[in-house]
Amino acid sequence: GKAIRLDGVTKRYAGQETPAVDGITLEIPAGQVVMLVGPSGCGKTTTLKMINRLIEPTEGRIILGDEDVTAINGDDLRRRIGYVIQAGGLFPHMTVAQNIALVPKMLGWSKERVDKRIDELLDLVSLDPADYRDRYPRELSGGQQQRVGVARALAADPPVLLMDEPFGAVDPITRQRLQDELLRIQQEVRKTIVIVTHDFDEAVKLGDWIVVFREGAQIVQYDTPERILAE
Ligand code: ADP
Ligand code: ADP
């Protein structure tokens with residue numbers, strides 16, 4: 001079935017002549033990786049933020065499962081959607097463990113459960129918990145920060161993961177490793193994943209589906225990588 005549906009979604013920022021997103025209708029299937037690809041400024045981040053209700057559409061509706069996102073309360077939304085912002089987006093004054101614990105604590109998990117989850121997640125993203133739990137983000141490489149960002153987003157085991165240029169801030173070799181790791185994690189813990197990227201090769205590598213955006217934020221193509229490459 002479908003996990004997310006955008007229904008005629010438009011976003012006009014105040015003072016902007018053209019809409020950032022212009023009447024998008026899109027269905028995102030459950031358990032698949034969908035890549036939003038296109039040049040800078042074509043509305044990819046705005047689309048992701050609207051799905052996570054960080055920005056409200058000017059027109060149209062966004063349906064999560066079978067509920068309008070505007071009808072879902074904040075805690076519930078955080079339980080259902082994990083969000084990875086550019087370059088990890090970790091809070092610099094918090095350790096790795098504290099960053100990962102944010103949403104579970106908000107949801108009222110016990111200390112034991114949170115602690116166990118932190119170790120489990122660090123293992124999942126190939127960072128030794130004993131070594132990394134108590135580090136601050138500044139003591140990590142860009143690639144490691146990205147991994148902690150992914151661990152944090154997965155913390156409360158949300159069925160949906162939204163990632164904004166998750167591998168943008170790292171060198172090509174690390175990027176390749178992180179991409180491979182994401183595919184491995186996806187085999188283990190099937191999620192509905194929406195990833196924003198400007199890198200078409202990345203979209204082909206990671207996507208079950210690719211959505212090609214064009215300037216003016218309309219969708220030009222929505223298809224499998226194979227069929228898009230064949231055109
Ligand atoms: P992308 O993620 O594809 O680079 P964005 O969604 O960030 O695109 O931006 C789409 C358009 O909306 C751009 O023209 C950008 O300048 C504009 N925009 C983004 N955020 C804001 C904002 N907060 N206020 C006004 N305009 C914005
Ligand atoms: P990755 O490819 O996993 O992102 P790097 O190749 O950048 O990691 O870093 C290699 C090793 O150097 C890592 O195991 C990490 O422990 C260490 N390291 C990198 N940057 C820092 C830093 N700023 N402070 C402490 N250790 C670091």
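Note that ligands are numbered from 1 as they come in the structure, with each ligand's atoms numbered from 1 the same way. Basis for what follows: all heavy atoms, side chains included, without hydrogens, waters or symmetry-related copies.
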Just by modelled atom types, is the Gly31 backbone N or O under 3.5 Å from a matching donor or acceptor in the Arg190 side chain?
yes
Which of the ligand 1 atoms, numbered from 1, are nearer than 4.0 Å to a heavy atom of Cys42
1 (P), 3 (O), 8 (O)
Counting each atom of ligand 1 from 1 as listed, which ones have a heavy atom of Lys44 under 4.0 Å away?
1 (P), 2 (O), 3 (O), 4 (O), 6 (O), 8 (O)
[atom]: the protein heavy-atom neighbour that sits closest, reported with distance to 0.1 Å:
atom                    : result
atom 7 (O) of ligand 1  : Thr45 CB, 3.7 Å
atom 14 (O) of ligand 1 : Gly41 O, 3.8 Å
atom 23 (N) of ligand 1 : Tyr13 CE2, 3.7 Å
atom 9 (O) of ligand 1  : Thr46 OG1, 3.9 Å

Take a 6.0 Å sphere around CD of Glu59 and say whether it holds more than 12 heavy atoms from other residues, nucleotides or ligands.
yes
Taking everything shown except Lys49 itself, do over 12 heavy atoms lie less than 6.0 Å from its NZ?
no
Region of Gln16 that comes within reach of ligand 1 [heavy atoms, distance under 4.0 Å]
side chain
Consider every N or O of Val196 and every N or O of ligand 1, then say whether any pair is closer than 3.5 Å.
no
Check: Gly43 N/O within less than 3.5 Å of ligand 1 N/O:
yes
Which heavy atom of Ile62 sits nearest a heavy atom of Ile51, and at what distance?
CD1-N, 4.0 Å
Residue pair Leu54 / Tyr83: nearest heavy atoms and the distance that separates them
CD1-CE2, 3.6 Å
Give, for atom CZ of Arg147 and atom CG of Leu124, the distance between the pair rounded to the nearest 0.5 Å.
11.0 Å
For the atom pair CZ (Arg80) and CD (Glu67), what is the distance rounded to the nearest 0.5 Å?
4.5 Å
Restricting to heavy atoms, the pick from Ala20, Pro19, Gly15 nearest atom 12 (O) of ligand 1 would be Ala20
